[in-house]
Amino acid sequence: MAQNEKILANVLEIFRHNPKKQYQVEQIERMLRRDRLGNFSDLVKALSFLEQEKKIITDGNGHYQLAQENIVVEGMFKANSKGFGFVKVEDEETDDIFIAKDYTAYAVDGDEVRVKITAGGNPWNGKGPEGQVQEIISRGVSSLVGEFHPLTDEQTKVSHFVGYVLSTNKKLANYRVYVGENGLRPQKGDMVKVSISNYPDKDNPDSMVGVVTKIIGNKNLPGVDIMAIVSAHDVKTEWAQDALDQSNAIPDHVLPEEMADREDIREQPAVTIDGDDSKDFDDAVVLWQLPNGNYHLGVHIADVAHYVKENSPLDKEAFTRGNSTYLVDRVIPMLPFRLSNGICSLNEGVDRLVLSCDMEITPEGERVNYRIHPSVMRSHGRMTYNNVNKVLDPNNEEPLEEKYVKLAPMLKEMAELHNALYQKRHQRGAIDFEEPEAKIIVNDQGKPTDIVLHNRGTAEKMIESFMLMANETVAEDFYKKHVPFLYRVHETPDGERIKSFFEFCSAFGLNIMADPNHVKPIDLQKVVAKTTGTPEEAVVQMMMLRSLKQAHYSEEPLGHFGLAAKFYTHFTSPIRRYSDLMVHRMIHAYSEEGTDKKVRDHFANSLPEVADQTSTQERVSIDTERETNDLKMTEYMADQVGEHFDAVVSSVTSFGMFIQLPNTVEGLIHISNLTDDFYSFNEKSMTLTGRGTHKQYHVGMPIKVTLTNANVEQHQLDFEIYDPNAPKKEHNNRGNNNRRRGNRGLRNDHGHRGATNGRNNFHKNGNHPHFSKYKH
């Protein structure tokens with residue numbers, strides 16, 4: 001082989017070895033010199049030739065990267081309502097691949113596809129890769145929910161179909177799903193669930209065929225809109241008969257023989273502290289000061305595992321659901337109400353079985369001793385956050401019930417311990433976001449009447465501190481026992497994402513002295529501290545959340561970045577989360593059966609599936625909650641079209657910007673409605689800048705807007721900039737309101753409460769490290 005051919009081959013091999021790495025000329029020269037191949041002149045010729053042959057691409061300033069053309073990858077197809085789509089691959093470093101309408105191979109949103117990259121894109125000019133779908137590997141949609149439309153008598157004479165269904169999912173709304181006489185027979189306007197049997201192809205590019213498997217109800221009936229969303233997400237609402245039979249066979253009170261071998265703590269003044277509208281109580285707390293000056297903190301959790309045995313009908317139901325789902329107007333429980341509101345709920349004044357985590361904690365918040373053991377308790381008070389906050393408010397003059405007056409000294413000591421625990425977490429770097437929580441108020445007909453913001457008080461934060469401490473204690477204990485265990489984990493964020501976040505912060509004058517590739521929780525905590533109370537607070541925290549990974553469950557102790565905790569699990573909500581039920585089951589097994597190989601192997605084999613199922617179902621519940629909230633918020637705003645509002649820019653994209661109102665309602669200002677100039681998008685700074693006026697819109701910017709359209713069916717709100725001098729005009733729904741909520745999963749880890757149930761959400765947010773509404 002000629003010398004120049006050797007150089008070409010070796011240069012190309014350098015790029016192929018690291019196909020996504022960008023090389024400078026000097027780097028390549030050093031590598032060639034090391035292997036004694038060619039000189040600088042030969043290298044320049046080789047690079048020029050490879051660029052002409054489109055084997056590599058360049059930024060024109062000495063940076064080169066392998067071109068991606070003709071590479072075949074696999075990923076998930078995400079459809080756009082206009083016909084084109086993108087393929088998202090698992091590799092986070094690979095950009096989404098654009099698929100033009102003619103090259104989708106009739107893939108449907110959610111399909112797993114094999115794609116050939118036909119244009120590699122260029123990281124230096126912002127142009128992403130393009131491709132063609134070559135094969136549909138598996139279907140992402142096997143069923144859908146939508147409105148039934150009957151065919152006319154004339155149409156049915158020439159067709160074996162009786163009607164068609166239009167999906168409520170805007171990504172699938174362009175398809176008619178034809179249904180025949182086999183299956184259920186809905187009426188006009190019924191919301192139905194359809195099982196798909198035939199998918200789009202070249203002969204029927206805009207239609208599918210299916211069978212009606214469920215009639216949810218007429219779209220105009222109260223509650224059907226919510227249940228349509230629930231059904232679309234496959235959230236299970238009906239109980240298997242054998243599970244109900246098992247539930248009904250469980251006594252509604254604790255039997256004397258069930259108290260054997262349990263510590264009797266019924267005389268301890270343990271109380272539950274929850275929201276005003278809570279119905280199930282799976283945690284109780286008690287506190288007193290020890291003779292040595294330390295605190296005894298007891299966290300007592302309903303012993304659901306005593307009643308829900310492994311592989312029983314109830315256990316299979318709970319595993320399938322994964323967690324309770326808390327929606328605007330209802331709760332879809334993980335367990336039948338007879339358990340969740342009855343024998344497993346720590347109701348006031350009745351005996352209940354619990355797993356206790358008793359901890360000795362110094363006044364400085366250092367845990368020095370603990371015990372985890374089964375107990376029998378009796379709640380001495382069903383207390384509410386509102387009333388406990390009144391007890392803790394030195395300026396409160398409202399009269400309180402006797403139980404609050406009697407237990408006020410203990411509650412005030414609890415607040416003191418909470419402050420110490422909070423300071424301890426803060427010192428180690430735990431990231432603590434504070435944001436108001438929106439609660440949508442609906443009437444008996446399911447119509448939204450108000451959106452109320454709520455800020456957490458000391459009582460809410462106090463219970464959160466206690467549950468965090470219990471969760472950490474249990475996780476650390478079983479890690480040190482060297483036995484298989486289920487952990488709640490939040491991994492260290494990706495360096496590139498953190499780098500982008502730091503660059504974003506620099507636009508606000510925040511100079512962050514930290515290595516993005518080795519970021520620590522305390523580095524991000526300092527960012528939160530710098531922005532607290534400033535106009536940038538909300539947007540910086542939101543962008544931080546987007547840079548973090550999602551919290552999830554794992555059999556590996558990967559730590560919890562957001563909490564700056566080495567060990568963390570979910571122990572405190574077994575009524576609402578299967579993960580916690582599984583943790584209780586393991587605590588019992590290791591205590592009662594020992595930790596020999598048989599027991600350890602049993603859990604080692606089952607935990608990966610449990611971790612995967614609970615993580616998946618958490619996302620399902622969060623997505624269902626989010627969609628129902630979007631629906632009701634859009635419905636609430638529907639009669640306010642034409643009105644003006646103060647807002648803040650919450651996100652900027654190439655097609656416009658999302659704005660948020662003070663009541664947390666979000667909507668889109670499409671770029672076509674920015675008519676005073678031609679605006680260009682800068683992805684790095686997340687800004688839209690007018691080319692002529694140089695007017696700039698950025699995240700966190702306060703603006704005034706007008707609501708121009710409310711599409712309740714698609715859960716979309718369209719706004720435009722409010723200009724009192726502009727002429728009135730008609731507005732069309734752009735259909736581009738792609739919701740992009742942040743980390744809904746991490747937010748569930750700061751506290752203890754179950755699914756969404758209106759709790760604070762650092763703990764609920766997917767990306768929130770420890771949070772998940774499906775939380776603590």
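Numbers here are sequence positions counted from 1.
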Test: [X] and [Y] ion pair at under 4.0 Å:
X	Y	answer
Arg488	Glu618	yes
Asp523	Lys520	no
Lys695	Asp677	no
Asp623	Arg619	yes

Could you pull out the closest heavy-atom pair between [X] and [Y], with the gap in Å?
X	Y	answer
Ala564	Ala430	CB-N, 3.6 Å
Arg600	Pro484	O-CG, 3.3 Å
Leu674	Met657	CD2-CE, 4.1 Å
Ala173	Gln714	CB-NE2, 4.4 Å
Leu607	Glu555	CB-CB, 4.0 Å
Arg139	Tyr199	NH2-CB, 3.2 Å

Do [X] and [Y] have side chains that get closer than 4.5 Å, going by heavy atoms?
X	Y	value
Val115	Ile99	yes
Tyr568	His570	yes
Ile703	Val705	yes
Met542	Val699	yes
Asp432	Gln525	no
Ser143	Asp234	yes
Ser142	Ile196	no
Tyr178	Arg176	yes

[X] side, atom [atom1]; [Y] side, atom [atom2] - distance, nearest 0.5 Å:
X	Y	atom1	atom2	answer
Ser547	Arg497	OG	CZ	8.0 Å
Thr104	Tyr106	OG1	OH	7.5 Å
Ser650	Met543	OG	CE	10.5 Å
Asp111	Lys78	CG	NZ	10.5 Å
Ile498	Leu548	CD1	CG	5.5 Å
Asp718	Asn711	CG	CG	8.0 Å

Report task. With sequence neighbours left out, write down each residue that passes ring pair (Phe, Tyr, Trp, His ring centres under 6.0 Å) with Tyr23, or none if nothing qualifies. Result -> Phe15
Query raised in the report: Between Phe98 and Phe86, how do the two ring planes meet: parallel, tilted or perpendicular, split at 30° and 60°?
Result: perpendicular
Query raised in the report: Which of parallel (below 30°), tilted (30 to 60°) and perpendicular (above 60°) describes Tyr697 and Tyr679?
Result: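 Ring orientation of Tyr697 relative to Tyr679: tilted.
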Report task. Under the side chain to side chain contact (heavy atoms under 4.5 Å, CB included) rule, what do Met686 and His698 come out as? Steps first, then yes or no, please. Result -> CA-CA 6 Å; Met686 289 191 68; His698 58 81; over 6 Å; no
Query raised in the report: Where do Arg114 and Val72 land on the side chain to side chain contact (heavy atoms under 4.5 Å, CB included) test, with the steps shown first?
Result: CA-CA 7 Å; Arg114 186 170 287 113; Val72 176; 3.3 Å; yes
Is a donor on one side and an acceptor on the other found under 3.5 Å between the side chain of [X] and the backbone of [Y]?
X	Y	value
Thr624	His233	no
Thr534	Lys530	no
Ser554	Glu556	yes
Thr614	Val610	yes
Glu609	Ser606	no

Requested in this report: Step through it carefully: locate the ring centre of Tyr487, locate the ring centre of Phe567, and say whether they are under 6.0 Å apart.
Outcome: no
Query raised in the report: Centroid-to-centroid, His670 to Phe719, below 6.0 Å?
Result: no
Would you indicate whether [X], at its atom [atom1], is surrounded by more than 12 heavy atoms from other residues, nucleotides or ligands within a distance under 6.0 Å?
X	atom1	result
Glu74	CD	yes
Met76	CE	no
Tyr479	OH	no
Phe681	CZ	yes

Validation: residues 500-513 side-chain donor-acceptor distances under 3.5 Å, sequence neighbours left out:
unit_1	atom_1	unit_2	atom_2	d
Ser500	OG	Glu496	O	3.1
Ser506	OG	Glu503	O	2.4

Requested in this report: Applying side chain to side chain contact (heavy atoms under 4.5 Å, CB included), run through Val528 and Leu524 and close with a yes or a no.
Outcome: CA-CA 6 Å; Val528 174; Leu524 300 187; 5.8 Å; no
Query raised in the report: Which of these, Val194, Val141, Val177, sits in a side chain to side chain contact (heavy atoms under 4.5 Å, CB included) with Met208?
Result: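 Exactly one option meets the side chain to side chain contact (heavy atoms under 4.5 Å, CB included) with Met208, and it is Val177.
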Query raised in the report: Do Tyr175 and Ser207 meet the criterion of a side-chain donor-acceptor pair at a distance under 3.5 Å?
Result: no
